[in-house]
Enquirer: 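I have a structure here, written as structure tokens, and I will follow up with some questions on it.
Just so you know, these numbers come straight off a predicted model, no measurement behind them. The sequence lines fix the lettering, A, B, ..., with proteins before strands; numbering per chain opens at 1.
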Amino acid sequence: MSVIAIPGTRNLASPTDDHSAVRIALILISAAFVALFLLLPLITVFSQALEHGVGEALAAIREPDAQSAIRLTLLVAAIAVPLNVTFGIAAAWAISKFDFAGKSLLTSLIDIPFSVSPVISGLIYVLVFGLQGWLGSALRDANVKIIFALPGIVLATVFVTFPFVARELIPLMTDQGRDEEEAAVSLGASGWRIFCRVTLPNIKWALLYAVLLCNARAMGEFGAVSVVSGHIRGLTNTMPLHVEVLYNDYQYVGAFAIASLLALLALVTLVLKALLEWRYAGEIAAVHRH
Amino acid sequence: MSLVVTSVAKQFGRFPALNGVSFEAPQGAFIALLGPSGSGKTTLLRILGGLEFADVGQVTFDGLDWLSIPARERRAGFVFQQYALFRHMTVAKNIAFGLEVRSRSQRPTRAEIARRVEELLHLVQLEGLGRRYPSQLSGGQRQRVALARALAIEPRILLLDEPFGALDAKVRKELRVWLRALHDKTGITTVFVTHDQEEALQLADFVAVLNKGQIEQIGTPADIRRTPASPFVAEFLEDVSDARVLMPPPLQRAAVRLH
């Protein structure tokens with residue numbers, strides 16, 4: 001070779017090759033991983049549900065206990081999601097727009113449901129509100145049922161989905177700062193008007209996105225709800241719990257039919273999320289352009 | 001005297017931002033608060049705007065106990081360094097905001113608001129841009145929208161927080177001349193925060209030089225130029241003739257190190 005070797009240039013030609021090899025390997029690994037662990041189970045769910053034809057799957061969904069589970073799940077989500085949206089906006093507003101003592105404590109407390117196992121959170125509610133719990137006898141005297149009833153299921157769901165909205169909004173609202181709100185005050189707007197006309201429009205896409213995630217989790221929650229529900233068929237069984245009951249009864253078509261409904265919900269959420277992200281990207285760009 | 005500030009002090013935690021500031025200025029005056037960063041000038045302006053609360057001290061303006069009036073009732077037109085325009089609203093909506101949020105009994109009719117917006121767009125020389133969004137405007141245009149928005153509420157006082165700080169030197173000079181002309185036309189009492197000596201001396205009727213939360217000197221630009229009251233003022237003004245003022249702050253620091 002007549003080329004003069006300069007020390008340290010030995011790798012000059014290869015880095016790009018290496019790079020593309022690594023890139024292809026990484027892509028293949030991720031694709032295989034996604035196919036094996038995410039796509040395959042999803043396909044199995046649908047194929048199992050439709051094993052004996054669409055008619056039987058639909059019949060399993062129309063069955064009264066299944067209908068009651070679907071209604072309960074929708075009801076729980078309809079209560080839990082608005083509660084957490086309200087809380088999430090309040091917390092994000094407080095944390096991003098005001099300075100107060102204990103702010104960082106509040107920020108980390110919001111994360112507790114992410115770090116605690118859902119089963120434990122369910123157990124905590126049983127210990128507090130159950131018959132043998134702290135408030136058990138008082139609640140029984142007042143004739144209020146929380147555990148093994150709708151309120152318990154809602155509480156457990158609220159706990160588990162607690163951080164979704166706040167976590168999504170805090171970084172965005174912190175990034176946007178308080179200038180616009182201050183400008184609105186100096187222009188004579190009241191607090192409520194500032195929220196409706198300045199703050200809310202600036203966070204609406206992020207908020208929608210958070211609501212979708214929160215809703216998906218609220219409908220799909222199993223662990224915490226399982227502990228507090230009591231598994232009463234047609235009464236306190238949510239969709240995920242009903243799937244388990246059917247599966248344990250060897251009613252595979254029914255189990256997978258309900259599971260398919262939940263999976264469909266997840267897919268719809270994903271599509272909406274992708275649409276929002278596409279929309280929301282422009283908005284984020286505007287935030288930074290500003 | 002119309003604007004009377006008496007021993008205003010403010011602490012952030014243990015850091016004293018303002019250390020008993022007092023001054024007076026007549027109605028319609030153009031006052032510049034001049035000082036280095038951390039001198040308390042922005043804090044003083046924000047107290048005047050009701051966005052910050054004084055720990056002690058009094059302010060009377062136009063015969064009113066100014067600090068007892070909530071920010072939203074002061075009708076103080078505040079202009080921010082980073083414009084703080086409502087990014088999801090058009091320019092016209094931004095300008096109309098202060099009129100549209102009034103209570104029903106005081107709100108002008110739609111047609112009246114539209115007419116006011118047109119008038120203000122004309123005043124800030126942005127005719128035809130009412131339908132644009134803030135992100136579609138240049139920095140100088142945004143700041144003029146911010147001014148129009150502040151003027152829309154017929155402010156009793158205009159408070160400008162380094163309004164040209166984010167603009168390049170050429171635009172800054174143009175806007176400076178334009179702002180002074182605007183002030184002469186409207187006659188609104190104006191308080192203007194800047195760290196640019198040249199800007200303060202060229203624009204204002206009165207310049208208050210702040211340092212470490214205190215006013216070192218207040219007077220007309222000519223007074224301050226002729227007889228600086230302290231070594232700090234003299235040194236701070238010396239920079240005017242220096243090339244440093246034309247450089248952005250990071251370069252200024254570099255230049256200081258090179259000395």
Enquirer: Would Q58(B) and T6(B) satisfy side chain to side chain donor-acceptor pair (under 3.5 Å), going step by step from the backbone distance to the final call?
Expert: CA-CA 5 Å; Q58(B) 279 177 334; T6(B) 318; 5.1 Å; no
Enquirer: Which bit of R149(B) is near chain A, if near means a heavy-atom gap under 4.5 Å: side chain, backbone, both or neither?
Expert: both
Enquirer: Is a donor from one side chain sitting under 3.5 angstrom from an acceptor on the other, for E181(A) and T199(A)?
Expert: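 Yes, side-chain donor-acceptor contact under 3.5 Å.
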Enquirer: Non-hydrogen atoms of chain B under 4.5 Å away: do they reach the side chain of R178(A), the backbone, both or neither?
Expert: neither
Enquirer: Is there a donor-acceptor pair closer than 3.5 Å between any side-chain N or O of N215(A) and the backbone N or O of V211(A)?
Expert: no
Enquirer: Can you find a pair of side-chain heavy atoms, one from F61(B) and one from R74(B), that are under 4.5 Å apart?
Expert: no
Enquirer: For the rings on F206(B) and F30(B), is their centre-to-centre separation under 6.0 Å?
Expert: no
Enquirer: Among residues 78-94 of chain A, which residues come closer than 4.5 Å to chain B, judged by heavy atom distances?
Expert: none
Enquirer: Where on A71(B) is there a heavy atom nearer than 4.5 Å to chain A: the side chain, the backbone, both, or neither?
Expert: both
Enquirer: Using non-hydrogen atoms only, which part of A150(B) is less than 4.5 Å away from chain A: side chain, backbone, both, or neither?
Expert: backbone
Enquirer: How about S2(B) and D62(B): does a side-chain donor come under 3.5 Å of a side-chain acceptor?
Expert: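 Side chains of S2(B) and D62(B): no pair found under 3.5 Å.
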Enquirer: Check whether the side chains of T194(B) and E199(B) place a donor and an acceptor atom closer than 3.5 Å, and report yes or no.
Expert: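 Short answer, yes.
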Enquirer: May I ask you to check whether over 12 heavy atoms, not counting those of F33(A), lie within 6.0 Å of atom CZ?
Expert: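 For F33(A), atom CZ is not crowded (no more than 12 foreign heavy atoms under 6.0 Å).
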Enquirer: Just so I understand: if I count every heavy-atom pair under 4.5 Å between each of F78(B), F80(B), Y133(B) and chain A, which residue has the most?
Expert: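 Among the listed options, the one with the most contacts to chain A is F80(B).
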